[in-house]
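The structure displayed is predicted, hence computed values, not measured ones.
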Amino acid sequence: MSERKVLNKYFPPDFDPELISRRKHPKNSQQVVRLMAPFSMRCNTCGEYIYKGKKFNARKETVEGEDYLGIKIFRFYIKCTLCSAEITFKTDPKNTDYAAEHGASRNFEPWRDEKAEEEDRLAKLEEEENNPMKVLENKTVDSKREMDILDALQDIRARNARNERVGQSDDLLSRLALQEVENEEDAERKRLEEEDEKLVEEVFSKVPVSGTTVVTVKRKADDNEPPAHSLLSSSARALIASQTTVAPVAKKRKSEGKNSLGIKVMKKGARPRESCA
């Protein structure tokens, strides 16, 4: 049984490759390729964000009339994932990157701005080396820019100082009001403490006794002592009042020497009383 995936093909002895007719493709034909988005972008039609690395079935073509040092530039066509609007971007061999062309705008990427600033600075230095008049013009522009920046900075400082003065006056008023409240609270607290000390001195007074000996005498805060019944509860006072109103029970007279049967019991050696009849 022959192999399904063979690597060696059989060519007959009379095979002539020149006799095979070649297909003719148009000069600028498009190819369908599978690619990933080379940068994050936003659709200009619907505002949908397309992140870097999203896969698309794109059409690829060669840009006519554009190249960089003999390197061809290719253009790719994709569709937005939300509104199906056409988006195109092409290769940028100069910066080894891709450039958005139509249908979408590239999101902000800070490292690209740094590279652009560095390129502008190098180009400016190269131009100044070859043109002395350009150096003078750039110095004039830089000095004017510095003067404008200093004027704006002075305005900002004056505005901040004015705002600070206004804020300090407001803070001063608030501090004065707070200090008045604190002084009133301190005075009230001091008055209460003095009253407490005065009361303690009245209750606990020291009396000198025989020479240098001092005895602390505890006194009542009030000279008038309250009655005892006022210290009792209302229920206790009611109970005492009810007991005082009830008449006392008469005691049963004890029979002289008689037991419960009415028999008189006499002690040993005692004589019975003689009746005086």
With the threshold set at 4.0 Å, does a side-chain nitrogen-carboxylate oxygen contact exist between [X] and [Y]?
X      : Y      : result
Arg191 : Glu188 : yes
Glu118 : Arg121 : yes
Arg189 : Asp186 : yes
Arg145 : Asp142 : yes

Is there a side-chain contact between [X] and [Y] in this structure, where contact means two heavy atoms from C-beta onward sitting under 4.5 Å apart?
X      : Y      : answer
Leu122 : Glu126 : no
Tyr68  : Asp92  : no
Glu119 : Asn95  : yes

Is it the case that one hydrophobic cluster holds both [X] and [Y], taking links as side-chain heavy atoms less than 4.5 Å apart, direct or via other members?
X     : Y     : answer
Tyr98 : Ile73 : no
Phe39 : Leu35 : yes
Ile20 : Phe11 : yes
Val33 : Ile78 : yes

Inspect the surroundings of CZ in Arg34 and state if more than 12 heavy atoms from other residues, nucleotides or ligands are less than 6.0 Å away.
->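 It does: Arg34 CZ has more than 12 such atoms within range.
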From Glu61, Glu86, Arg59, His102, residue fulfilling side-chain hydrogen bond (donor to acceptor under 3.5 Å, both in side chains) relative to Tyr77 |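 For Tyr77, the side-chain hydrogen bond (donor to acceptor under 3.5 Å, both in side chains) test succeeds with only one of Glu61, Glu86, Arg59, His102, which is Glu61.
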Taking all non-hydrogen atoms of both residues into account, name the closest pair between Phe74 and Thr62 and its distance.
->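 Result for this residue pair: CE2-OG1, 3.5 Å.
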